[in-house]
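Please read these numbers as outputs of a predicted model, since none were measured by experiment.
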Amino acid sequence: MYLYMSGLVAVCGSWFAYRWYKESKKVANRDEKYVYVTGCDSGFGNLLAKHLDKLGYRVIAACYTERGEEELSKQASDRLTTTHLDVSNSESVSKAAALIKTLVGEKGLWAVVNNAGVSVPSAPTDWLTIEDYKGMLAVNLCGVIDVTLSVLPFIKKARGRVVNVASVFGRISPFGGPYCVSKYGVEGFNDNLRLNMAQFGVKVVCIEPGFFKTNVTDTALIKNNVTQLWHRLPQDLKEEYGSGFLGICHKKLDDRFKRLTDGDLMKVVGCMEHAISAVHPRTRYSPGWDAKLCWLPLSYMPTCIADTILLKDAPRPEMSVL
């Protein structure tokens with residue numbers, strides 16, 4: 001028995017050592033490589049743009065606001081170029097792509113990081129309208145596809161990288177609304193793009209973070225949005241959920257985010273940087289202990305077990321039959 005265990009430990013140790021050695025190799029000539037990052041006003045995108053700039057990459061940082069562009073320009077070197085981008089607007093996406101074509105020339109674009117995203121509206125599905133879905137899907141899913149397709153010829157020329165920021169909630173859906181739907185879509189787009197581009201030497205990588213402290217997980221923003229959605233509900237639907245349901249939702253939200261939200265954004269940025277810099281990046285990264293120890297294992301469980309666990313923690317409507 002001990003012999004078998006020793007053999008298993010040796011095999012696992014050898015595999016991890018090989019993987020570490022393989023993944024430690026970094027690409028050369030960083031100062032010649034252009035990296036296009038969306039959603040650089042704040043959060044992961046902002047940190048990544050500054051981090052890559054310090055490493056010597058030529059960063060093209062796309063911001064939604066003029067203030068975001070100005071603040072980032074002040075904190076970065078002359079190598080970094082900022083541009084306005086609304087990922088939900090194809091004209092804006094095309095203008096940014098035209099600028100990138102001028103900048104990269106014949107060298108091509110080394111990487112695009114599809115980081116831009118929003119988290120509201122988020123609520124029980126029967127509180128929402130199709131317009132609520134369209135707005136988020138336009139940013140979180142269609143924006144990722146539009147931006148990628150707009151620069152894919154430049155990436156193929158450089159045999160570079162496409163890095164898509166999905167979420168661990170593209171694997172499991174513990175709450176209602178379009179967020180998980182959009183991230184499941186990003187996962188699907190990422191998987192078929194990875195297979196399509198493998199034949200052209202382009203690597204396609206997916207980042208699946210857990211809960212991190214960014215604007216996307218701003219509890220005040222999310223609670224305010226849930227409150228607004230509650231107030232627009234018809235009276236009969238409010239009665240189904242009960243007058244105390246909104247307060248329960250707020251309390252559950254505070255408890256979950258306090259327990260799970262990680263303030264170390266560099267855990268995600270480090271994965272993004274590795275996806276860009278490593279000669280052999282992973283196909284998926286799942287930064288965050290909640291992703292590794294909670295959400296991913298839950299996503300692999302039989303549906304009946306996962307549903308039981310998720311429903312046990314979910315707020316109960318007054319007319320619940322469970």
Side-chain angles (χ1 to χ4, degrees), residues 18-40 44-45 48-62 77 79-83 85 87 93-116 141 143-166 186-208 268-287:
Y18 168 73
R19 190 178 75 165
W20 173 83
Y21 172 73
K22 182 181 178 182
E23 293 181 352
S24 65
K25 296 180 180 179
K26 298 297 181 74
V27 297
N29 304 321
R30 295 180 183 182
D31 59 324
E32 298 178 4
K33 289 178 165 56
Y34 284 87
V35 180
Y36 177 28
V37 185
T38 69
C40 291
F44 301 134
L48 178 65
K50 291 184 285 190
H51 182 62
L52 293 177
D53 179 56
K54 289 178 182 177
L55 292 177
Y57 287 96
R58 295 186 175 275
V59 180
I60 305 165
S77 73
R79 287 188 304 272
L80 185 141
T81 303
T82 61
T83 185
L85 178 65
V87 298
V93 171
S94 296
K95 285 182 179 179
L99 170 66
I100 290 166
K101 184 178 181 180
T102 302
L103 290 172
V104 304
E106 292 302 313
K107 291 180 180 179
L109 179 66
W110 176 248
V112 59
V113 182
N114 285 302
N115 166 74
L141 177 56
V144 169
I145 297 170
D146 200 3
V147 168
T148 301
L149 296 181
S150 73
V151 296
L152 198 54
F154 316 144
I155 292 173
K156 288 168 71 176
K157 185 177 289 187
R159 293 187 178 179
R161 314 283 166 85
V162 177
V163 181
N164 294 315
V165 181
V186 172
E187 293 274 353
F189 174 67
N190 186 88
D191 287 350
N192 65 51
L193 184 68
R194 185 180 65 252
L195 293 173
N196 293 158
M197 290 297 104
Q199 300 184 65
F200 297 97
V202 173
K203 291 179 170 62
V204 179
V205 178
C206 195
I207 312 290
E208 303 169 334
V268 179
V269 172
C271 292
M272 293 172 165
E273 188 257 310
H274 189 268
I276 294 163
S277 298
V279 174
H280 303 288
R282 300 180 187 180
T283 54
R284 277 184 167 84
Y285 298 83
S286 300

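With sequence neighbours left out, the side-chain hydrogen bond (donor to acceptor under 3.5 Å, both in side chains) criterion links S94 to no other residue. Contacts of R194 classified as salt bridge (charged side-chain N to carboxylate O under 4.0 Å, His left out), with partners at least two apart in sequence or in another chain: D191. Partners of D31 under the side chain to side chain contact (heavy atoms under 4.5 Å, CB included) rule, at least two apart in sequence or in another chain, are N29. Residues satisfying the ring pair (Phe, Tyr, Trp, His ring centres under 6.0 Å) test with Y285, not counting sequence neighbours, are H274. Residues forming a salt bridge (charged side-chain N to carboxylate O under 4.0 Å, His left out) with E187 (at least two apart in sequence, or on another chain): R284. Judged as a salt bridge (charged side-chain N to carboxylate O under 4.0 Å, His left out), and not counting sequence neighbours, the contacts of R79 are D53. K50 pairs by the side-chain hydrogen bond (donor to acceptor under 3.5 Å, both in side chains) definition with N46, Q75, not counting sequence neighbours. Not counting sequence neighbours, the partners of A116 by the side chain to side chain contact (heavy atoms under 4.5 Å, CB included) test are T38, V87. In terms of the side-chain hydrogen bond (donor to acceptor under 3.5 Å, both in side chains) criterion, residue partners of S286 (sequence neighbours excluded) are, by chain and number, E208.
Note that OG of S277 and CH2 of W110 are 9.0 Å apart. Values are rounded to the nearest 0.5 Å. From Y57, atom OH reaches atom CD of E32 across 12.0 Å, with rounding to the nearest 0.5 Å.
Across all their heavy atoms, L80 and A61 have their closest contact at CD2-CB, 4.2 Å. Among all heavy-atom pairs drawn from M272 and N115, the shortest one is CE-OD1, 3.7 Å.
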Show every donor-acceptor pair shorter than 3.5 Å between a side-chain atom in residues 157-164 and any protein atom, with sequence neighbours excluded, or say none if there are none.
| unit_1 | atom_1 | unit_2 | atom_2 | d |
| --- | --- | --- | --- | --- |
| R161 | NH1 | A275 | O | 2.8 |
| R161 | NH1 | I276 | O | 3.3 |
| R161 | NH1 | A278 | O | 2.8 |
| R161 | NH2 | A278 | O | 2.8 |
| N164 | OD1 | N114 | ND2 | 2.9 |
| N164 | ND2 | N190 | OD1 | 3.1 |

What donor-acceptor contacts under 3.5 angstrom involve side-chain atoms of residues 95-104, with partners at least two apart or in another chain?
| unit_1 | atom_1 | unit_2 | atom_2 | d |
| --- | --- | --- | --- | --- |
| T102 | OG1 | A98 | O | 3.1 |

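Here the options are V144, V151, D146, I145, the test is side-chain contact (heavy atoms from CB on, under 4.5 Å), and the partner is T148; only V144 passes.
Side-chain contact between L48 and V113 is present, with at least one heavy-atom pair separated by less than 4.5 Å.
Residue pairs satisfying the side-chain hydrogen bond (donor to acceptor under 3.5 Å, both in side chains) criterion with at least one member in residues 196-207, sequence neighbours excluded, are absent.
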| request: List the steps, then state whether side chain to side chain contact (heavy atoms under 4.5 Å, CB included) holds for I207 with F44. | output: CA-CA 11 Å; I207 312 290; F44 301 134; over 6 Å; no
| said: Using side chain to side chain contact (heavy atoms under 4.5 Å, CB included), reason through L85 and Y36 one step at a time and then give a plain yes or no. | reply: CA-CA 11 Å; L85 178 65; Y36 177 28; 3.3 Å; yes
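Between the side chains of Y34 and T81, not a single donor N or O lies within less than 3.5 Å of an accepting N or O.
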